[in-house]
A.B. asks: 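The structure's right below; bear with me while I get my questions together.
Lettering follows sequence order; numbering is per chain, from 1.
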Protein chains: 2
Amino acid sequence: MCAAAPAERPLRRDAERNRLRILEAAHAAFAEGGLEVSMDDIARRAGVGVGTVYRRFPKRELLIEALFEQRLEEIVVLAARMLEHDDPWDGIADFVESFTAIQVEDRGMRDLLLSTAHAERRVERTRDRITPMVEELVRRAQASGALRPDVVGTDVALVHFMLGALGDYTREVQPEAWRRFVGLVLDGLRDRRDAPSPLAGAPLDAEQLDAVMRCWRP
Amino acid sequence: MCAAAPAERPLRRDAERNRLRILEAAHAAFAEGGLEVSMDDIARRAGVGVGTVYRRFPKRELLIEALFEQRLEEIVVLAARMLEHDDPWDGIADFVESFTAIQVEDRGMRDLLLSTAHAERRVERTRDRITPMVEELVRRAQASGALRPDVVGTDVALVHFMLGALGDYTREVQPEAWRRFVGLVLDGLRDRRDAPSPLAGAPLDAEQLDAVMRCWRP
DNA sequence: AGTCAACCGGAGAGCGCGCTCCGTTTGATG
DNA sequence: CATCAAACGGAGCGCGCTCTCCGGTTGACT
């Protein structure tokens with residue numbers, strides 16, 4: 001009809017339905033298995049052929065971007081909120097704990113935030129927005145005397161990685177096990193302290209540790 | 001000739017030469033890439049066909065066992081030596097640091113010690129010998145008042161995992177970066193302390209962190 | 001109702017992996 | 001030197017993965 005309709009036409013109803021199914025399935029699959037689950041898996045979960053997945057998201061990266069666009073924004077908001085704590089130490093502590101929680105709840109987020117293997121640009125931009133906030137968190141907490149003066153912003157990122165890795169390792173056996181180690185690491189980050197702050201939850205027993213090692217593959 | 005020669009005959013000279021080459025190649029390959037490098041890789045490194053590798057080591061596990069038999073013994077010796085420190089805290093500290101160093105130097109050792117995906121029995125036996133020593137280390141360090149009283153043996157294993165993961169992450173960019181975090185975690189493990197103990201080495205700068213994220217795949 | 005572009009599913013090409021099989025080569029032995 | 005079990009290498013099978021292609025189907029629009 002009208003020759004000039006270059007803008008995006010809405011999807012056909014079935015196509016839109018499938019698009020949503022795929023996003024939902026991909027979310028679940030990524031959360032459980034990380035960003036490297038197979039496209040077949042996602043298609044199967046969505047009750048759809050692989051062809052359909054590829055038609056809507058011709059590259060894996062596009063699927064990832066569509067899924068995580070808003071979740072990345074949440075991270076930025078989270079970091080910003082950490083700057084509003086009255087006690088700057090609480091800002092750091094809350095940040096480390098919340099960020100680790102996110103990683104444990106969703107393996108996909110972990111892969112996305114700590115690697116640049118997928119979805120390069122978008123993630124990079126997010127990181128660029130978070131970095132200065134983390135540095136400000138560190139600066140304030142050091143000024144208040146609570147955070148040891150010899151750590152810097154990049155150390156915080158590596159702490160996140162460390163704790164996220166631990167969360168990954170123990171997830172299947174004791175989903176809350178990582179919280180103990182957040183406490184431990186935070187005690188290491190304090191400038192000086194008397195008694196150690198109590199650790200959250202119970203330690204793994206020998207059998208649980210065995211189970212962890214048994215089901216983890218490198 | 002003599003009918004009853006059931007014992008193992010020595011290998012032909014070329015076969016023995018190849019066996020050694022394969023072990024050497026596998027050692028290098030595992031150290032760099034972990035226990036899941038492809039058999040083709042190992043064969044190529046050894047300058048040998050895959051068939052030859054499989055002839056000598058019909059299952060991957062056998063190759064791993066042959067390679068790590070004595071290295072596992074070294075770990076036991078290491079743990080035992082930690083009990084000889086005059087100050088029990090030094091025992092813990094040295095153990096955490098040495099064990100992490102081993103993991104960073106050899107990715108294969110890391111996979112072997114922290115997972116049960118390969119070489120089940122042998123590793124399990126080794127772990128069974130190490131566990132009580134670690135528990136004794138913990139007990140003594142706690143009795144001396146240096147180690148916080150709320151950690152247990154299994155926590156130490158998870159600390160090893162955490163630091164090993166970090167070593168893995170940063171290895172390519174800054175092979176010594178993990179040492180900072182050993183210091184950090186050890187400060188978290190102390191019962192009480194004044195000034196934080198100085199961290200080893202320089203922190204990563206922003207570009208190095210970027211490089212780490214860029215080359216890591218989950 | 002009829003038309004047709006958009007959409008669907010899944011077969012299959014291409015790839016790298018673990019592992020096997022077999023025609024050829026080599027070193028030990030008399 | 002002749003013999004032959006032992007060892008060699010790599011082609012090849014089966015598998016699971018990514019991504020493409022195409023014959024059949026379906027929803028939007030007249």
A.B. asks: Would you say the side chains of B/Asp187 and B/Ser197 form a donor-acceptor pair under 3.5 Å?
C.D. replies: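 Yes - a donor-acceptor pair under 3.5 Å links their side chains.
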A.B. asks: Send over the distance from A/Glu16 CD to D/dA28 P, rounded to a whole Å.
C.D. replies: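 Taking CD of A/Glu16 and P of D/dA28, I get 12 Å after rounding.
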A.B. asks: Without decimals, in angstroms, what is the distance between A/Leu63 CG and D/dC19 C1'?
C.D. replies: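 It works out to 14 Å between those atoms.
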A.B. asks: Return yes if the base of D/dA28 and the side-chain atoms of A/Arg12 contain a donor-acceptor N/O pair under 3.5 Å, otherwise no.
C.D. replies: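 No, no donor-acceptor pair under 3.5 Å.
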A.B. asks: Take atom CZ of B/Arg56 and atom P of D/dC8, then tell me their distance rounded to the nearest Å.
C.D. replies: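 It is 6 Å, rounded to the nearest whole Å.
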A.B. asks: Examine the base of D/dT18 for any acceptor or donor lying under 3.5 Å from a partner atom in the side chain of A/Arg60, and report the outcome as yes or no.
C.D. replies: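 By the distance-only test, no, there is no pair.
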A.B. asks: D/dC19 C1' sits how many Å from A/Ile42 CD1, rounded?
C.D. replies: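 Roughly 13 Å, once rounded to whole Å.
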A.B. asks: In whole Å, I'd like the distance from the NE2 atom of A/His118 to the C1' atom of D/dT18.
C.D. replies: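 Going from NE2 in A/His118 over to C1' in D/dT18 covers 14 Å.
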A.B. asks: At under 4.0 Å between heavy atoms, what does B/Arg19 touch on the DNA or RNA strands: base, sugar-phosphate, or nothing?
C.D. replies: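 No contact at all - B/Arg19 keeps every heavy atom at 4.0 Å or more from the nucleic acid.
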A.B. asks: Using OP1 and OP2 only, check whether a side-chain N or O of B/Thr52 sits under 4.0 Å from D/dG9.
C.D. replies: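 Checking B/Thr52 against D/dG9: at least one side-chain N or O falls below 4.0 Å of OP1 or OP2.
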A.B. asks: With nearest nucleotide decided by heavy atoms, which residue, A/Ala15 or B/Asp14, maps closer to the 5′ end of DNA chain C?
C.D. replies: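 This one resolves to A/Ala15.
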A.B. asks: Expressed as a whole number of angstroms, how long is the span from B/Leu35:CG to C/dG18:P?
C.D. replies: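 Spelled out: CG on B/Leu35 to P on C/dG18 is 13 Å.
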A.B. asks: Choosing from C/dT20, C/dG18, D/dC19, which nucleotide comes nearest the side chain of B/Val50?
C.D. replies: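 Selected nucleotide: C/dT20.
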A.B. asks: Any chance you could measure B/Leu72, atom CG, to B/Met109, atom CE, to the nearest 0.5 Å?
C.D. replies: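 One gets 6.0 Å once the value is rounded to the nearest 0.5 Å.
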A.B. asks: Does A/Glu124 pair with B/Arg214 as a salt bridge, N-O distance under 4.0 Å?
C.D. replies: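 So A/Glu124 pairs with B/Arg214 through a salt bridge.
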A.B. asks: May I have the distance from A/Ile22 (atom CD1) to C/dG9 (atom C1'), rounded to whole angstrom?
C.D. replies: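 Taking atom C1' of C/dG9 as the reference, CD1 of A/Ile22 is at 12 Å.
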A.B. asks: A/Asn18 side chain N/O closer than 4.0 Å to the phosphate oxygens (OP1, OP2) of C/dC8?
C.D. replies: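 For A/Asn18, the contact criterion (side-chain N or O under 4.0 Å from OP1 or OP2 of C/dC8) is met.
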A.B. asks: Both A/Glu36 and B/Arg55 contact DNA chain D. Which one's nearest nucleotide lies toward the 5' end?
C.D. replies: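 Its nearest nucleotide being more 5', the pick is B/Arg55.
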A.B. asks: When the distance from CZ of B/Phe57 to C1' of C/dC19 is rounded to whole Å, what number comes out?
C.D. replies: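 Going from CZ in B/Phe57 over to C1' in C/dC19 covers 16 Å.
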A.B. asks: Between B/Glu32 and B/Arg107, does at least one N-O distance fall below 4.0 Å, as a salt bridge requires?
C.D. replies: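 Salt bridge: no.
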A.B. asks: Under a plain distance cut-off of 3.5 Å, with no hydrogens placed, do A/Asp111 and A/His118 share a side-chain donor-acceptor pair?
C.D. replies: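 Distance-only check fails for A/His118 and A/Asp111.
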